[in-house]
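To start, the structure itself, in structure tokens.
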There are 2 protein chains.
Amino acid sequence: MAATSRGAGDRSGSAQAPAAQTERRADARRNIRSILDAAQLCLARDADASVADIAKAAGVGRVTLYGHFKTRADLVDAVLTRTMEQSDAALDATDTTGDPGQALTRLVGASWQIVHQFHSVLQAAQRELPPERIRAVHDRTLQRVQTIVDNGRRAGVFRDDLPERWLVTTVFSLMHAAAEDTAAGRLDAGDAARVVSATLLAALTAPGAAVPTPAP
Amino acid sequence: MAATSRGAGDRSGSAQAPAAQTERRADARRNIRSILDAAQLCLARDADASVADIAKAAGVGRVTLYGHFKTRADLVDAVLTRTMEQSDAALDATDTTGDPGQALTRLVGASWQIVHQFHSVLQAAQRELPPERIRAVHDRTLQRVQTIVDNGRRAGVFRDDLPERWLVTTVFSLMHAAAEDTAAGRLDAGDAARVVSATLLAALTAPGAAVPTPAP
DNA sequence: GCCAACATGAACACATATGTTCAGGTTTTG
DNA sequence: CAAAACCTGAACATATGTGTTCATGTTGGC
């Protein structure tokens with residue numbers, strides 16, 4: 001039951017049926033945007049930001065917020081969806097064709113900052129939403145990585161001796177780890193992209209083949 | 001702070017001063033054990049198991065529990081400490097000398113099940129305890145990994161072009177990722193150790209050197 | 001066997017968050 | 001301008017968890 005009274009956060013469970021979305025008034029649309037903006041910001045800073053905090057940050061009454069998002073989970077879902085859409089848009093600008101190693105390096109360069117920035121939005125979602133939902137929202141991004149890995153395997157430059165799924169997991173895992181380490185001051189932010197890329201290239205390269213160095 | 005009325009969970013903040021621990025009665029000691037056992041089990045299953053749940057699982061009154069652990073955080077701390085001590089004991093049986101690659105493989109083989117088993121105990125701790133405390137409790141284990149990495153670097157078989165800290169992070173990160181993937185059914189439990197070892201060996205091997213295959 | 005240490009459930013105090021209702025004020029929209 | 005849509009704060013209803021107090025049993029040590 002993740003549906004709003006009138007469709008603002010309407011992503012009905014896990015499939016996103018657009019639904020008959022009656023046109024809402026201008027101020028309502030404005031408020032929804034403010035709320036999503038504020039929520040994204042608040043949740044990025046603190047995964048358990050309260051609904052009250054978010055409403056205040058949005059410059060909106062708490063009741064107004066509940067008028068648009070039926071539950072807290074609904075709001076978190078909307079923020080996560082929005083964040084992933086934004087990330088995906090940013091990633092659309094990244095070329096995933098050509099040499100798989102370079103493609104991977106490009107993708108890491110474009111992704112890791114986003115991962116870093118919205119790390120705790122994900123955390124919030126993981127505490128509130130069912131795992132399938134998280135998985136579903138990540139689908140497009142996952143697909144993108146999988147495509148690169150797959151290309152690399154077919155080209156014989158990425159390893160074939162481990163499950164493809166695991167290689168994808170490795171990519172995500174190390175990006176998240178780098179985000180955390182950077183936040184904790186254990187890894188230099190200016191160096192993170194290179195470090196992650198170098199590690200991933202080594203991890204994914206087919207045994208026996210020469211490990212390429214990430215070209216900045 | 002994090003101290004019990006009479007010293008059961010007494011690890012005063014971050015340093016573990018043994019304190020003048022007046023000998024407690026036999027039934028008290030018995031109950032403390034039951035509580036820790038139950039808490040470890042409950043928290044391993046659900047990171048937000050309540051104190052009431054744990055007391056019930058321990059076959060003990062809630063008030064009794066609070067008599068031994070002043071706060072929930074105290075209890076979580078005690079469980080985490082205990083878990084890490086157990087892990088460390090298990091790891092003591094693992095030879096970390098000799099060929100660094102094989103040492104790493106041995107360590108992964110001995111560790112990953114533990115990581116898998118107590119994954120959500122860590123989660124609970126991360127929500128309740130300050131990051132420094134988590135770090136402190138992990139110190140010995142961290143040191144162990146770092147030693148292996150360091151040996152490998154000095155022997156010229158592990159890479160020297162990335163921060164040592166990051167390599168250690170990589171080891172932990174991939175073990176945890178494997179634990180999650182296994183729990184989610186995306187990775188075969190029987191295959192996990194091999195997969196993680198193979199990935200780590202590739203990730204850590206010095207550029208140019210031949211990547212070894214994990215010997216089971 | 002006696003006394004102190006310990007255990008126990010019930011009840012209470014407190015805090016915090018989520019949702020909801022209400023009675024009125026404001027903005028859009030047509 | 002008028003109706004409908006929307007916003008608002010205050011108050012309320014829940015729910016849930018933590019931690020404490022109390023009065024009364026129970027157990028263990030010496």
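Predicted, not measured: the structure shown is a model, and the values here were computed from it. Just so it is clear: chains get the letters A, B, ... in the order the sequence lines come, proteins before strands, and each one is counted from 1. Excluded from the calculations below are hydrogen atoms, water molecules and symmetry mates; all remaining heavy atoms, backbone and side chain alike, are included.
- Nucleotide dG28(D) holds its P atom 11 Å from the CZ atom of R29(B), rounded to whole Å.
- Looking at the side chain of A26(B), the nearest of the listed nucleotides dC6(D), dG19(D), dG29(D) is dG29(D).
- Along DNA chain D, the nucleotide nearest A49(B) and the nucleotide nearest V63(A) are compared for position; the residue whose nucleotide lies closer to the 5' end is V63(A).
- Relative ring orientation between F172(B) and H176(B) is described as parallel, the plane-to-plane angle staying below 30° on a 0-90° scale split at 30° and 60°.
- Spacing between atom CD1 of I35(B) and atom C1' of dT8(C) amounts to 13 Å, rounded to whole angstrom units.
- Residue K56(B) contributes atom NZ, which lies 14 Å from atom P of dT8(C) at whole-angstrom precision.
- Ranking dA17(C), dC7(D), dG28(D) by closeness to the S50(A) side chain, first place goes to dA17(C).
- If you measure from atom CZ of R24(B) to atom C1' of dA4(C), you get 14 Å, rounded to the nearest angstrom.
- Considering only side-chain N and O atoms, N31(B) lies nowhere under 4.0 angstrom from the phosphate OP1 or OP2 of dC6(C).
- Within 4.0 Å of R30(A), counting heavy atoms only, lie sugar-phosphate atoms of the nucleic acid but no base atom.
- Judged by distance alone with a 3.5 Å cut-off, no donor-acceptor contact links the side chain of R62(B) to the base of dT8(C).
- With no hydrogens or angles considered, no side-chain donor-acceptor pair links S34(A) and N31(A) at under 3.5 Å.
- One atom, CG of D53(A), and another, P of dT18(C), lie 8 Å apart when rounded to the nearest Å.
- Of the listed residues (T170(B), L200(B), T199(B)), just one forms a side chain to side chain contact (heavy atoms under 4.5 Å, CB included) with T170(A), and that residue is T199(B).
- Computed from coordinates, the L75(A) CG to dG19(C) P distance equals 10 Å when rounded to whole Å.
- Exactly one of I148(A), T147(A), D95(A) qualifies for a side chain to side chain contact (heavy atoms under 4.5 Å, CB included) with L107(A). That residue is I148(A).
- Sequence order on DNA chain D of the closest nucleotides to D48(B) and R25(B) puts D48(B) first from the 5' end.
- Checking the phosphate oxygens (OP1, OP2) of dC7(D), a side-chain nitrogen or oxygen of H68(A) falls inside 4.0 Å.
- Side chain of D27(A), nearest nucleotide from dC6(D), dT29(C), dG19(C): dC6(D).
- OP1 or OP2 of dT8(D) lies within a sub-4.0 Å distance of a side-chain N or O belonging to T64(A).
- In this structure, the OH atom of Y66(A) is 11 Å from the P atom of dA17(C), given to the nearest Å.
- Counting to the nearest Å, the P atom of dG29(D) and the CD atom of E23(B) are 10 Å from each other.
- Remark: the T141(A) side chain and the D88(A) side chain contain an N/O donor-acceptor pair separated by less than 3.5 Å.
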